[in-house]
Amino acid sequence: MSPPADANANANANVEQKVLQYEQFINEVLRRDLQKVLEQRDSVYEKISQHLQLKNTILSLQESGSRQLKTDVDLGCNFFVQAEVEDSSRIFVAIGYGFFVEMTYEEALQFIEKKTSQLTAFAELLTKDSAKIKANIRMVLEGLRELQGLTDLTDSSRREVF
């Protein structure tokens, strides 16, 4: 004896409702979380780049051996003025939260090494977090495939989520 047509229609409606809930979860939660983690990681990479640029600048200042320095200073809104520094043996380094510390070249290089290693470790953590989120997205998509009774996709027809 086969189940009544109303039961099949009700079961199909429940499956469709679950599919919509899972799709909404993927789009509104998982993909948004993945985007935030990737943006945060990009921000960390930019900070690492700035620190490495400062390191290269300090090394070139050390190699030149000159204490005087001529440079352009940004006054804001891309308005630059020429400035002359009489003694460039000490520099101010941004250490975070709007604070600057006066350091010698050697102290600045040590600070940059420590800060860069911390930022690199944080970037690796964010990369692992993004991989976990991608795995969760993949798992939910596989669950949707099962719910809908779709056949398995070949590896060549799959694409990256992000």
S.K.: Could you state the interatomic distance from NZ (Lys128) to CD (Glu124), rounded to the nearest 0.5 Å?
M.R.: 6.5 Å

S.K.: What is the distance from atom OG1 of Thr116 to atom NZ of Lys55, rounded to the nearest 0.5 Å?
M.R.: 7.0 Å

S.K.: As an exercise, state the distance from OG of Ser88 to CD1 of Ile58, rounded to the nearest 0.5 Å.
M.R.: 11.0 Å

S.K.: Taking Tyr45's backbone N and O only, do any of them form a donor-acceptor pair with Ser49's side chain (distance below 3.5 Å, no angle check)?
M.R.: no

S.K.: Is the shortest heavy-atom distance from the side chain of Lys70 to the side chain of Gln82 under 4.5 Å?
M.R.: no

S.K.: Which residues pass the salt bridge (charged side-chain N to carboxylate O under 4.0 Å, His left out) test with Asp74, sequence neighbours left out?
M.R.: none

S.K.: Whether the Glu39 and Gln35 side chains hold a donor-acceptor pair (N or O, under 3.5 Å, no angle test) is what I'd like checked.
M.R.: yes

S.K.: How long is the span from the CD atom in Glu46 to the CD1 atom in Ile48, to the nearest 0.5 Å?
M.R.: 11.0 Å

S.K.: I need the minimum non-hydrogen distance between His51 and Lys47, along with the two atoms involved.
M.R.: ND1-O, 2.8 Å

S.K.: A quick test of your reading: do over 12 heavy atoms of other residues, nucleotides or ligands sit less than 6.0 Å from CD of Gln53?
M.R.: no

S.K.: Could you walk me through whether Leu34 and Ser130 pass the side chain to side chain contact (heavy atoms under 4.5 Å, CB included) check?
M.R.: CA-CA 6 Å; Leu34 180 61; Ser130 70; 3.7 Å; yes

S.K.: Would you say CZ of Phe111 has more than 12 non-hydrogen atoms from neighbouring residues, nucleotides or ligands within 6.0 angstrom?
M.R.: yes

S.K.: For atom CD of Gln21, decide whether the heavy atoms of other residues, nucleotides or ligands shown that lie under 6.0 angstrom number more than 12.
M.R.: yes

S.K.: Which heavy atom of Val44 sits nearest to which heavy atom of Leu119, and what is that distance?
M.R.: CG1-O, 3.3 Å

S.K.: What's the separation between atom CG in Leu144 and atom CD in Glu23, rounded to the nearest 0.5 Å?
M.R.: 6.0 Å

S.K.: Please find the pair of heavy atoms, one from Glu86 and one from Glu84, that lie closest to each other, and give the distance.
M.R.: OE2-OE2, 3.6 Å

S.K.: Working to the nearest 0.5 angstrom, can you tell me the gap between Met103 CE and Ile91 CD1?
M.R.: 8.0 Å

S.K.: Taking only residues two or more places apart in sequence, or in another chain, which ones meet Glu107 in a salt bridge (charged side-chain N to carboxylate O under 4.0 Å, His left out)?
M.R.: none

S.K.: Do Asn136 and Met139 touch side chain to side chain, with heavy atoms closer than 4.5 Å?
M.R.: yes

